[in-house]
Amino acid sequence: LAQSVLRLAETARATGRAAEAANEVWALVARLEARANEGHLERATFGVLGRAWISLGVCLGTVLPEERLWVATRWTGRGLMAARHLEGDEPFLSHALQMHGNELRKCGRVADAVDVLREGVTAARHENERGSGLALLARAAANVGDRDLFHETSTAYRDLMELHGIAGQLCNSYA
């Protein structure tokens, strides 16, 4: 059920209903954290909780005012901590790095964002994951004013799309 809540929250956020998505994910996080506090935190539950922290942070990063975006980075940071703890789940680690890096960028910690997003691109095992990471890294490179990194990253992104024909939310010709 928790996985379904997370998928529905992502769909709601992507369609402009981030506040509703945050409310749903918040309830899930509260239930999972309560379960953890009772001593019921097996690996699978911790993985779902980590994904829920990431989702909550991303939702909050969409709805919070600029001066409060640090709150979103706290939640995505928790998710990243969970992903690092769950060795062997590279797709989750790549996703967590990319989402945390993007929230860092949004709250003005652009140099930190570049470092985290570089790690996220490196951790990506599939073309779509790598493409998403490259799109976010290119944006952070532009924000920090690093022309060389922007050129390198945007070229790699374009080449990846042309070579593999990948598609996704951040992997498209518009992005």
Side-chain angles (χ1 to χ4, degrees), residues 6-7 9-19 21-22 25 50-51 53-87 89-175:
L6 293 175
R7 281 192 300 273
E10 176 57 29
T11 301
R13 188 186 64 77
T15 58
R17 301 184 67 182
V25 176
R51 285 171 175 80
W53 284 332
I54 293 285
S55 182
L56 181 59
V58 171
C59 290
L60 291 173
T62 304
V63 299
L64 289 173
E66 190 173 329
E67 63 274 5
R68 302 276 298 158
L69 288 177
W70 62 269
V71 173
T73 66
R74 288 253 174 114
W75 289 106
T76 57
R78 284 184 179 188
L80 177 55
M81 179 265 316
R84 289 190 191 283
H85 185 74
L86 293 168
E87 295 175 11
D89 193 346
E90 282 78 16
F92 177 37
L93 178 59
S94 176
H95 176 72
L97 287 161
Q98 291 176 25
M99 295 301 98
H100 184 58
N102 195 48
E103 294 307 321
L104 287 169
R105 179 196 60 78
K106 288 166 45 180
C107 81
R109 294 179 51 197
V110 186
D112 292 335
V114 167
D115 292 340
V116 172
L117 289 166
R118 279 184 188 206
E119 188 180 351
V121 169
T122 301
R125 298 290 180 247
H126 302 289
E127 287 82 15
N128 275 348
E129 290 172 7
R130 189 162 189 275
S132 295
L134 287 168
L136 296 171
L137 181 55
R139 188 168 184 183
N143 287 155
V144 82
D146 188 333
R147 292 174 186 238
D148 293 335
L149 179 59
F150 177 78
H151 177 73
E152 173 189 327
T153 305
S154 58
T155 300
Y157 176 79
R158 185 190 64 235
D159 292 348
L160 186 67
M161 286 188 55
E162 289 174 2
L163 182 63
H164 295 286
I166 59 175
Q169 185 175 4
L170 293 176
C171 300
N172 56 62
S173 58
Y174 178 76

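Every value quoted in this text rests on a predicted model; they were computed, and no experiment measured them. Values reported hereafter were calculated over all heavy atoms of this structure, with side chains retained and with hydrogens, waters and symmetry mates removed.
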Original post:
Side-chain contact, heavy-atom cut-off 4.5 Å: Ile54 with Phe92?
Top reply: yes
**OP:** Give every residue pair that meets the side chain to side chain donor-acceptor pair (under 3.5 Å) criterion with at least one member in residues 55-71, sequence neighbours excluded.
**Re:** none
Subject >> Atom CZ of Arg125: over 12 foreign heavy atoms under 6.0 Å >> reply: yes
Original post:
Would one find more than 12 heavy atoms of other residues, nucleotides or ligands at under 6.0 Å from atom CZ of Arg74?
Top reply: no
Original post:
Does any N or O in the side chain of Thr153 come within less than 3.5 Å of the main-chain N or O of Phe150, such that one atom is a donor and the other an acceptor?
Top reply: no
Original post:
Between the main-chain N or O of Gly61 and the side-chain N or O of Lys106, is there a donor-acceptor pair closer than 3.5 Å?
Top reply: yes
**OP:** For salt bridge (charged side-chain N to carboxylate O under 4.0 Å, His left out), just list the numbers for Arg13 and Glu10, CA-CA rounded to whole Å, side-chain angles, deciding distance to a tenth of an Å, and then say yes or no.
**Re:** CA-CA 5 Å; Arg13 188 186 64 77; Glu10 176 57 29; 2.9 Å; yes
Show the nearest heavy-atom pair for residues [X] and [Y], with the distance to one decimal.
| X | Y | answer |
| --- | --- | --- |
| His100 | Val116 | CD2-CG1, 4.4 Å |
| Ala22 | Leu60 | CB-CD2, 4.4 Å |
| Gly120 | Gln98 | O-NE2, 3.6 Å |
| Asp146 | Arg118 | OD2-NH2, 4.5 Å |
| Val63 | Ala19 | CG1-N, 3.6 Å |

Original post:
Going by distance alone, is a donor N or O of one side chain under 3.5 Å from an acceptor N or O of the other, for Ser94 and Glu90?
Top reply: no
Rounded to the nearest 0.5 Å, what's the gap from [atom1] on [X] to [atom2] on [Y]? Could you check?
| X | Y | atom1 | atom2 | result |
| --- | --- | --- | --- | --- |
| Leu136 | Met99 | CG | CE | 5.0 Å |
| Asp112 | Arg105 | CG | CZ | 13.5 Å |
| Leu104 | Thr76 | CG | OG1 | 6.0 Å |
| Glu87 | Asp89 | CD | CG | 11.5 Å |
| Thr73 | Asn102 | OG1 | CG | 12.0 Å |
| Glu103 | Leu64 | CD | CG | 9.0 Å |

Which atom pairs, donor and acceptor, lie under 3.5 Å between side-chain atoms of residues 77-85 and protein residues at least two apart or in another chain?
residue : atom : partner : partner atom : Å
Arg78   : NH1  : Glu33   : OE2          : 3.2
Arg84   : NH1  : Glu119  : OE2          : 2.8
Arg84   : NH2  : Glu119  : OE1          : 3.1
Arg84   : NH2  : Glu119  : OE2          : 3.4

**OP:** For Val114 and Leu137, run side-chain contact (heavy atoms from CB on, under 4.5 Å): C-alpha distance rounded to whole Å, both residues' side-chain angles, the deciding distance at 0.1 Å, then the answer.
**Re:** CA-CA 6 Å; Val114 167; Leu137 181 55; 4.1 Å; yes
